[in-house]
Amino acid sequence: MHYLTRFFFDIYPYLAGTVFLVGSWLRYDYGQYTWRAGSSQMLDKKGMRLASNLFHIGIIGIFFGHIVGLLTPHWVYESFLPIEVKQKLAMVAGGLCGLMTLIGGGLLLKRRLTNPRVRATSSVGDILILTLLVVQACLGLLTIPFSAQHMDGSEMMKLVAWAQAVVTFQGGASQHLAGVAFIYRLHMVLGMTLFLLFPFCRLVHIWSAPVEYLTRRYQLVRNQR
């Protein structure tokens with residue numbers, strides 16, 4: 001068990017991170033024709049707006065919530081945000097975003113599996129990654145009852161210490177997880193696995209946020225005479 005803990009929480013984060021970054025770069029260089037979101041909305045729009053909006057708003061909230069919550073040093077907010085309040089905020093905001101992701105993702109997954117036209121254009125990878133995202137949302141929601149048992153924020157701070165030890169390349173990051181419930185560990189491993197799979201699925205389109213549209217020059221379009 002000790003060796004598994006060291007592998008998944010000391011080594012696996014860097015393995016997943018390396019594949020995430022290098023794999024994304026290589027795919028951008030050598031597989032740009034596959035660099036797309038692969039939207040199926042044109043095949044059937046029924047229920048798509050609700051499902052897609054719930055899923056994307058929820059998952060964006062979760063992503064930035066995890067980044068800010070786990071990687072912001074404690075001294076930055078300790079003067080105005082007690083750990084107990086941060087714990088409640090994480091449970092409420094994370095629960096809401098997780099529920100949105102679960103409902104939206106579940107609807108999208110059902111659509112991919114039951115709509116004949118959408119199913120015919122879906123790859124195994126499309127279904128797999130969406131299934132894993134839905135499962136990950138479920139695991140995240142299941143951590144809330146365990147968090148409620150530690151309203152002083154002690155359990156959350158163990159996760160924060162682990163995440164910050166990993167990103168600052170400190171050795172023995174797994175030691176910070178002593179006594180952490182198994183559901184958190186499972187959630188973390190699946191989260192890292194999603195980063196590992198990222199370059200090989202449609203999730204790469206996340207890199208292509210159309211930021212340049214905010215600064216590009218206007219295009220003049222004239223009717224042909």
Side-chain angles (χ1 to χ4, degrees), residues 1-21 24 56-102 132-133 135-198 203 206-207 209 211:
M1 189 65 179
H2 173 69
Y3 294 106
L4 287 176
T5 299
R6 290 199 59 188
F7 172 76
F8 280 116
F9 301 106
D10 285 333
I11 300 172
Y12 195 50
Y14 299 110
L15 176 62
T18 301
V19 173
F20 169 70
L21 294 173
S24 296
H56 285 93
I57 293 172
I59 207 166
I60 289 171
I62 288 173
F63 176 77
F64 285 106
H66 278 68
I67 292 294
V68 174
L70 291 174
L71 301 184
T72 303
H74 179 57
W75 59 265
V76 173
Y77 57 82
E78 64 179 339
S79 62
F80 61 89
L81 184 65
I83 296 177
E84 297 84 357
V85 177
K86 181 184 177 182
Q87 171 76 64
K88 294 176 183 178
L89 182 62
M91 291 172 62
V92 174
L96 180 60
C97 288
L99 192 59
M100 293 172 67
T101 303
L102 178 60
L132 290 179
L133 287 169
V135 171
Q136 181 70 336
C138 285
L139 290 175
L141 290 171
L142 288 173
T143 64
I144 294 178
F146 291 88
S147 297
Q149 299 175 24
H150 304 275
M151 293 305 294
D152 60 349
S154 58
E155 198 84 340
M156 178 183 65
M157 292 309 294
K158 292 180 181 179
L159 305 177
V160 169
W162 171 81
Q164 294 183 11
V166 168
V167 299
T168 54
F169 301 99
Q170 299 177 29
S174 61
Q175 297 175 10
H176 294 290
L177 300 177
V180 168
F182 179 74
I183 188 68
Y184 291 107
R185 297 170 185 262
L186 192 58
H187 184 57
M188 293 159 68
V189 170
L190 182 53
M192 290 183 282
T193 301
L194 287 169
F195 279 95
L196 185 74
L197 297 175
F198 183 96
L203 290 180
I206 295 172
W207 286 117
V211 178

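Here the structure is a predicted model, which is why all the values come from computation and not from measurement. Worth knowing before you read on, the calculation uses all heavy atoms, side chains too, and leaves out hydrogens, waters and symmetry mates.
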Could you grab the distance from atom [atom1] of [X] to atom [atom2] of [Y], nearest 0.5 Å is fine?
| X | Y | atom1 | atom2 | value |
| --- | --- | --- | --- | --- |
| Q170 | W162 | CD | CH2 | 13.0 Å |
| L203 | F20 | CG | CZ | 9.5 Å |
| T168 | L71 | OG1 | CG | 9.5 Å |
| M157 | L70 | CE | CG | 10.0 Å |
| L15 | D10 | CG | CG | 13.0 Å |
| I57 | I62 | CD1 | CD1 | 12.0 Å |

Tell me whether the count of non-hydrogen atoms from other residues, nucleotides or ligands lying under 6.0 Å of [atom1] in [X] goes above 12.
| X | atom1 | value |
| --- | --- | --- |
| Y184 | OH | yes |
| F7 | CZ | yes |
| K158 | NZ | yes |

Q.
Among F195, F8, F169, exactly one meets ring-ring contact (aromatic ring centres under 6.0 Å, His included) together with Y14. Which residue is that?
A. F169

Looking only at atom types and distance, does a side-chain atom of [X] sit under 3.5 Å from a main-chain N or O of [Y], one as donor and one as acceptor?
| X | Y | answer |
| --- | --- | --- |
| S24 | L21 | no |
| K86 | G69 | yes |
| R185 | L177 | yes |
| Q87 | A148 | no |
| T101 | I59 | yes |

Closest approach of [X] to [Y] (non-hydrogen atoms, all atoms of both residues):
| X | Y | result |
| --- | --- | --- |
| I83 | G153 | CG2-CA, 3.6 Å |
| L159 | M188 | CD2-SD, 3.8 Å |
| L141 | G95 | CD2-O, 3.5 Å |
| L139 | I183 | CD2-CD1, 3.7 Å |
| G61 | C97 | CA-SG, 3.9 Å |
| L196 | A16 | CD1-CA, 3.9 Å |

**Q.** Verdict with reasoning, K88 to M151, per side-chain contact (heavy atoms from CB on, under 4.5 Å)
**A.** CA-CA 7 Å; K88 294 176 183 178; M151 293 305 294; 3.5 Å; yes

Q) Below 4.5 Å, heavy atoms only, C-beta onward: do E155 and V180 meet side chain to side chain? A) yes

Q: Decide if the gap between the ring center of Y77 and the ring center of H74 is smaller than 6.0 angstrom.
A: yes

